[in-house]
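Right, one structure below, let's go through it.
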Amino acid sequence: MVKIQTFAVESWMDKYENDCKYNIAETCCASISIDQLQELSEDKDRTALNTSKALTYGAIRGSDALRSNLARLYSAKGTPLPQDNILTTTGAIQANYLVAYALVNPGDHVICHYPTYQSLYEVPKQLGASVDLWHAKPEDNWMPSIDDLKSLIKPTTTLLIINNPNNPTGAILKRPLLQQIIDIAAEHNITILSDEVYRPIFHSINPLDSGFPPSLVSMGYPKAIVTGSMSKAYSLAGIRVGWIACRDSTIIEKIAEARHYTMISVSQLDEQVAAYALHQNTVHGLLARNIQLAKANLALLERFVLKNDDACEWVKPLAGTTAFVKFHRDGKAVDSVDFCKQLLEKTGVLFVPGSECFGEEFKGYVRIGFVNHTEKIKEGLDAATKFVRRELDDVKLAE
Ligand SMILES: Cc1ncc(COP(=O)(O)O)c(C=O)c1O
């Protein structure tokens, strides 16, 4: 068995998120209750939960109600996606795990977009693959280069993993780049997994922009697998519902076989709430609330970055719920762990240290999750400004 590395970001959140005063590390759009979800619906007479239904395992691959709503959303702009091409899972974390568990063999070579959520590159390693990271750099607005991708491909490359929109940078791989990625993958018969949990929180790019990225499953490449979730864009992390979609039924069948060994089915209660949230009577209200929240809070974060521009810099995010901000003193990167620990201790504000949770090279970086409740973000960022002004001199510099 390969050594299982600490999942650094999850372990940071586990340690600190329940005791902080201002959670500005959270990646979910401010979470809601079932009552609030029903308030957002246009159909106030229908409830999200049918409590009289017997709690059998339910539909093994996911309820018709949930999968048909997902199929409708994926079919909105292009070739319809049949609901049989979708499997539900316990969150996107399990969706990503299952894709790797079903498709990655020892000796395979996997390429993963970087920086990103650690499980995307750790799990293929645990399964015996060798993994190369496809680096996105701040000087290129976090856009990885196609030439770099070409140079990473080997005869044994079977899977390319991307995260679009990206955690932690909030950058997007735009449509023309996605097309180039597909062309290269097709040439080498490589499957692509696109983790799209932050779709469709596009706060700073217009859907009419020619670069606006479609879901990878809508771009005509059958070997494109996408994963998604109710946690981030839909404010319902507590129901633990995610999914896998792919146009190639052979791939879906292979993943379904692996899925039987890990979960049987998703909780019926959770799927009912997810189906209600994605129903056309509710989904538009829910997304309008969250995209508005992202825009309003991003304006506060932009003001914070401008106010503190002698101590920090960023590439402004275009989508998702996170921004990756670099703090420095006299031109030298701060130690991001010391920065985050002192900030938490002195102000109650929780950020995520980039060098610990996304890779050692991200010295000075912190991940800020800005789509929590506006009042909390505002108060937290004000407290963080005071900290930067008064305490930055006491923070260690990165080595
Ligand atoms: C890129 C990415 N994928 C997957 C997940 C897991 O999300 P879920 O709550 O759907 O399991 C996260 C959570 O932070 C994430 O950032």
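Numbering of residues begins at 1 and proceeds along the displayed sequence. Just the heavy atoms: all of them, side chains too, but no hydrogens, waters or symmetry mates, feed the values below. Whatever order the structure lists ligands and atoms in, that order sets their numbers, starting from 1. Bear in mind the structure is a predicted one, so any value in this text is a computation, not a measurement.
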Under 4.0 Å between a Lys/Arg side-chain N and an Asp/Glu carboxylate O for [X] and [Y]?
{"X": "D338", "Y": "K341", "result": "no"}
{"X": "E253", "Y": "R61", "result": "yes"}
{"X": "E122", "Y": "K125", "result": "yes"}

Please report, to 0.1 Å, the donor-acceptor pairs under 3.5 Å made by any side chain of residues 366-385, with sequence neighbours excluded.
unit_1	atom_1	unit_2	atom_2	d
R367	NH1	N167	OD1	3.0
R367	NH2	A25	O	3.1
N372	ND2	N23	O	3.2
T374	OG1	N297	OD1	2.7
T385	OG1	N308	ND2	3.3
T385	OG1	L381	O	3.1

NZ/K295: more than 12 non-hydrogen atoms of other groups inside 6.0 Å: no
Close N/O pairs between ligand 1 and protein, under 3.5 Å:
unit_1	atom_1	unit_2	atom_2	d
ligand 1	3 (N)	D195	OD2	2.6
ligand 1	9 (O)	S231	OG	2.7
ligand 1	9 (O)	R240	NH1	2.9
ligand 1	10 (O)	A92	N	2.7
ligand 1	10 (O)	S229	OG	2.6
ligand 1	10 (O)	S231	OG	3.2
ligand 1	11 (O)	A92	N	3.2
ligand 1	11 (O)	I93	N	3.0
ligand 1	11 (O)	R240	NH2	2.9
ligand 1	14 (O)	K232	NZ	2.7
ligand 1	16 (O)	N167	ND2	2.8
ligand 1	16 (O)	Y198	OH	2.7

Side-chain touch I172/F202, heavy atoms, less than 4.5 angstrom: yes
